[in-house]
Amino acid sequence: MSRRRAFEATGIEVFERFVGRPGSDYIASGYALGTIAEIVERRQPRAVLEVGAGIGTITTAVLEASDRAGGAVQHHVAVEDVPFCLEQLAANLGARRGEVEVVDRARDLPSDAGPFDLVIVDGGYTDDLLPELRSTFGPDAVAAEVDAWTALVAPGATVLFENERGAQRARFEAQVARPFAYERRRPFDGTPGVHLYHLEPSPALVARARARSAVDAAWHPHALRTIRRVNHRLGRPPLGVRPAVARGGDTS
Ligand SMILES: C[S@@+](CC[C@H](N)C(=O)[O-])C[C@H]1O[C@@H](n2cnc3c(N)ncnc32)[C@H](O)[C@@H]1O
């Protein structure tokens with residue numbers, strides 16, 4: 001098995017462990033969890049910020065990947081304010097709850113909270129909230145959250161958006177005012193995958209990110225169409241309908 005496949009299998013294992021738990025309707029995909037494990041193990045970030053901890057699926061993937069990397073992550077902060085999620089997060093982390101600092105909003109973080117070497121965005125958008133709460137968190141609040149964590153991104157850091165998150169990514173790109181390499185990674189199961197931003201990238205990283213994104217853009221839509229056709233002919237279920245993949249904000 002290739003190293004990439006092994007990371008994907010690790011992510012799917014975490015996904016499957018969480019998928020039956022209370023509130024698991026919007027957890028991160030196995031593919032995203034595997035990519036996060038890969039980044040933590042390969043890049044060994046010292047400080048990690050998660051925006052939208054939910055019930056703790058990504059939090060768990062980070063903690064376990066950090067263990068495999070010899071305890072690489074020294075400072076782990078999670079943003080979450082939904083009471084139900086906070087309860088589930090504590091239950092799911094168990095004895096490890098104390099290893100993660102939880103804050104309500106990125107805007108609550110003091111300016112000396114960072115800088116963070118890895119920022120994972122899987123929340124902080126209006127549509128992440130239950131319909132009755134959406135009016136309390138409009139575009140200004142979304143932008144203020146993105147601006148708050150953007151100010152805490154370390155030199156050479158990675159920022160990962162789970163799912164599409166078009167509005168949050170647009171705000172980040174407009175505000176960051178630093179060089180970055182953008183990379184699209186998505187699987188062949190019809191789910192959206194992740195968007196990666198490598199800050200202050202080396203020339204080798206720029207070349208790699210460009211090559212991966214170009215291959216993705218050229219190959220991914222055709223491959224998916226073929227897989228869909230074959231699945232249809234063989235009577236297999238359609239792609240991208242796994243019920244527990246987070247919608248994760250807008251899909252623009
Ligand atoms: C995509 S979810 C985050 C999932 C999280 N990263 C995980 O993998 O467990 C985005 C946001 O939706 C909200 N949310 C998620 N699950 C919820 C639930 N079952 N009930 C209410 N709000 C929820 C939380 O505010 C959360 O931060």
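In listed order, ligands and their atoms are each counted from 1.
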The one among Cys85, Ser24, Gly54 that brings a heavy atom closest to atom 23 (C) of ligand 1: Cys85
Under 3.5 Å between some N or O of ligand 1 and some N or O of [X]?
| X | result |
| --- | --- |
| Ala28 | yes |
| Asp122 | yes |
| Glu80 | yes |
| Asp81 | no |

Report, as yes or no, whether the 6.0 Å neighbourhood of atom CZ on Arg107 holds more than 12 heavy atoms from other residues, nucleotides or ligands. yes
Numbering as shown, the atoms of ligand 1 that approach [X] to under 4.0 Å (heavy-atom distance):
| X | result |
| --- | --- |
| Ile27 | 7 (C), 8 (O), 9 (O) |
| Asp128 | 10 (C), 11 (C), 12 (O), 13 (C) |
| Gly56 | 9 (O) |
| Ile55 | 9 (O) |
| Val82 | 21 (C), 22 (N), 25 (O) |

Just to check, does Asp25 reach to within less than 4.0 Å of ligand 1 when the distance is taken from its heavy atoms? no
Can you check whether Ile58 reaches Leu33 side chain to side chain, under 4.5 Å on heavy atoms?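 They are in side-chain contact.
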Atom of [X], atom of [Y] and distance for their closest heavy-atom approach:
| X | Y | answer |
| --- | --- | --- |
| Ala209 | Glu183 | CB-CB, 4.0 Å |
| Phe161 | Val159 | CE1-CG1, 3.7 Å |
| Asp122 | Ala28 | OD2-CB, 4.0 Å |

Measure Phe18 to ligand 1 on non-hydrogen atoms and call it side chain, backbone, both or neither using the 4.0 Å cut-off. neither
Picking from Leu63, Leu118, Val102, what satisfies side chain to side chain contact (heavy atoms under 4.5 Å, CB included) with His76?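 The residue from Leu63, Leu118, Val102 that satisfies side chain to side chain contact (heavy atoms under 4.5 Å, CB included) with His76 turns out to be Leu63.
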Walk me through whether Val121 and Phe172 qualify under side chain to side chain contact (heavy atoms under 4.5 Å, CB included). CA-CA 11 Å; Val121 184; Phe172 169 68; over 6 Å; no
Regarding Thr35 and Arg185, is there a side-chain donor-to-acceptor distance under 3.5 Å anywhere? no
